[in-house]
Number of protein chains: 2
Amino acid sequence: MRMVIARCEVTYSGRLDAYLPPATRLLVVKADGSVLVHSDGGSYKPLNWMSPPCTTTVEAPAETDPEGTQEVWRVRARKGEDELRVVVHEVLHDHSVDLGVDPGLVKDGVEAHLQVLLAAHTDTFGEGMRLVRREHMTPIGPVDLLLRDQAGAHVAVEVKRRGEIDGVEQLTRYLELMNRDPMLAPVRGIFAAQEIKPQARVLATDRGIECVVVDYVGLSGRDDPTARLF
Amino acid sequence: MRMVIARCEVTYSGRLDAYLPPATRLLVVKADGSVLVHSDGGSYKPLNWMSPPCTTTVEAPAETDPEGTQEVWRVRARKGEDELRVVVHEVLHDHSVDLGVDPGLVKDGVEAHLQVLLAAHTDTFGEGMRLVRREHMTPIGPVDLLLRDQAGAHVAVEVKRRGEIDGVEQLTRYLELMNRDPMLAPVRGIFAAQEIKPQARVLATDRGIECVVVDYVGLSGRDDPTARLF
DNA sequence: CCATTCATTTCGAGT
DNA sequence: ACTCGAAGTGAATGG
């Protein structure tokens with residue numbers, strides 16, 4: 001990895017065209033050739049970048065480049081016509097290190113885990129609710145949870161971390177299809193998420209779909225309060 | 001901005017829990033307090049991070065921290081219980097600079113520009129096609145382009161950079177609504193994008209929606225070939 | 001290998 | 001401030 005602090009101008013041309021006026025920025029060149037251009041604020045997203053695989057060539061300034069240009073980096077994607085052009089005016093700091101390969105990240109808490117938890121606690125959706133199966137296949141994709149209520153009627157559950165309008169549309173398509181199957185019909189829908197956006201709730205209610213807000217931490221605690229990833 | 005190359009362990013707890021085993025990485029602390037943990041590969045996304053606003057406190061190693069720990073950074077979000085904990089084992093490089101505020105990025109080529117171009121070249125959708133208005137409002141949102149064809153019938157156009165299934169769903173909702181309005185009906189739909197995914201094309205065709213693939217570069221050239229952003 | 005879905009999404013526009 | 005949709009989305013997962 002090479003880190004350069006430099007006063008520079010940057011242009012990107014590819015899927016869009018973008019330009020960064022002269023300013024001092026952090027340029028990072030990773031071992032895989034990728035390049036990041038960071039400012040001293042914002043979030044983790046660089047102002048501009050080139051994803052791997054790509055190659056950098058350093059050129060002397062062209063006639064058209066501004067006075068005082070030290071060098072020009074041309075970073076090109078291996079495939080496609082994407083190009084990042086970094087016009088370096090002044091280098092304030094330059095340091096390289098070999099970091100080696102990173103062992104990588106361990107995660108927990110995503111939608112998959114929420115689905116498993118809900119499958120184990122179907123009473124979240126009402127008394128006497130029984131699990132028929134997780135990931136019940138339909139011709140257009142898997143329904144997250146298929147349940148039967150106390151009366152024996154089928155219930156299709158769509159699980160999201162955050163419930164937005166797309167999820168309601170998806171569940172609607174599943175319900176429409178499943179209700180054509182005489183073995184399943186009638187099937188009603190439940191939209192379950194840790195948080196449900198107002199617009200999604202309106203659409204769901206309008207279509208007769210019940211909304212259930214799920215307490216992830218609370219459900220986790222009911223399993224094994226001592227179990228931890230690390 | 002402060003850049004530190006260090007052998008470290010990182011844990012994040014908040015919306016999920018994540019852990020990075022000991023390894024050498026780049027730690028960036030930006031002027032707004034945000035922290036990035038980068039490895040020497042992957043894309044522009046850090047392995048782990050904390051978005052602003054947040055504050056970092058440096059502590060001496062706790063009893064529970066591994067042998068040889070130099071210091072521990074606790075980066076906490078101003079709001080919420082998000083916390084990034086960086087256990088620093090060994091600092092290999094440490095450099096700080098003041099970059100100042102960045103002038104920011106200038107963009108071109110997004111969906112908005114495509115919409116403007118198409119509004120100016122309605123013949124893209126057929127001979128004698130006339131523009132009624134851009135961003136025609138409906139109760140559920142604006143239709144990108146409303147046109148009238150040679151016969152005087154209304155045409156609703158949904159413009160996307162990349163045409164996917166969501167765009168077809170959106171246009172379908174607009175059409176359903178507009179066709180209830182006797183002043184507009186009958187309204188047919190056109191789905192316009194620089195690239196249309198096969199599944200989106202199938203769904204559109206099935207619903208009687210015409211698909212038009214747009215040549216952005218070609219359309220731009222018809223306006224003013226000398227006009228450039230920079 | 002292609003398609004779909006998720007994301008500690010981030011980012012910007014509009015209300 | 002909040003909501004909603006787009007992203008040079010990227011990344012993982014399933015077919």
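Within every chain, numbering begins at 1; the chains are lettered A, B, ... in the order of the sequence lines, protein sequences first and strands thereafter.
- Here A:Met50 lies in heavy-atom contact (under 4.0 Å) with a base.
- A:Arg134 and A:Gln115 share a donor-acceptor pair across their side chains, judged by distance under 3.5 Å alone.
- A salt bridge is absent between B:Lys107 and A:Asp17: the closest approach of a Lys/Arg side-chain nitrogen to an acidic carboxylate oxygen does not fall below 4.0 angstrom.
- Side-chain contact check for A:Lys160 versus A:Phe191: some heavy-atom pair is nearer than 4.5 Å.
- Between B:Glu169 atom CD and D:dA6 atom C1' there is a gap of 18 Å when expressed in whole angstrom units.
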Protein-to-nucleotide contact annotation, 5' to 3' order, nucleotides 10-15 of chain D [B base; S sugar-phosphate only; - none; under 4.0 Å, heavy atom]:
SS----

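- To the nearest angstrom, C1' of D:dA7 lies 14 Å from CG of A:Asn48.
- Residue A:Arg162 places none of its side-chain N or O atoms closer than 4.0 Å to OP1 or OP2 of C:dC6.
- Between the CG atom of B:Asp144 and the C1' atom of C:dG14 there is a distance of 15 Å, rounded to whole Å.
- Note: CD (B:Glu164) to C1' (C:dC6) measures 14 Å, nearest angstrom.
- Between A:Glu169 and A:Arg173, none of the side-chain N atoms (NZ, or NE/NH1/NH2) sits under 4.0 Å from a carboxylate O, so this pair counts as no salt bridge.
- Checking A:Thr172 against A:Arg207 by side-chain atom types alone, a donor-acceptor pair falls below 3.5 Å.
- Note on B:Lys197: every side-chain N or O is 4.0 Å or more away from OP1 and OP2 of C:dC2.
- Checking D:dG8, C:dA3, D:dA6 against every side-chain atom of B:Lys160, the shortest atom distance belongs to D:dA6.
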Does A:Glu176 form a salt bridge (Lys or Arg N to Asp or Glu O under 4.0 Å) with A:Arg180? I'd like the steps, not just the answer.
CA-CA 7 Å; A:Glu176 199 183 312; A:Arg180 286 189 211 156; 3.4 Å; yes

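- Comparing A:Ile165 and A:Leu84 by the nucleotide of DNA chain D whose heavy atom lies nearest to each, the residue mapping closer to the 5' end is A:Ile165.
- We find that CG of B:Asp82 is positioned 15 Å from C1' of C:dT10, with the value rounded to whole Å.
- Atoms CD (A:Gln170) and C1' (C:dA3) sit 14 Å apart, rounded to a whole Å.
- The closest side-chain donor-acceptor pair between A:Lys45 and A:His38, if any, does not fall under 3.5 angstrom.
- The distance between atom CZ of B:Arg201 and atom P of C:dA3, rounded to the nearest whole Å, is 13 Å.
- Note: CD (B:Glu158) to P (D:dA6) measures 7 Å, nearest angstrom.
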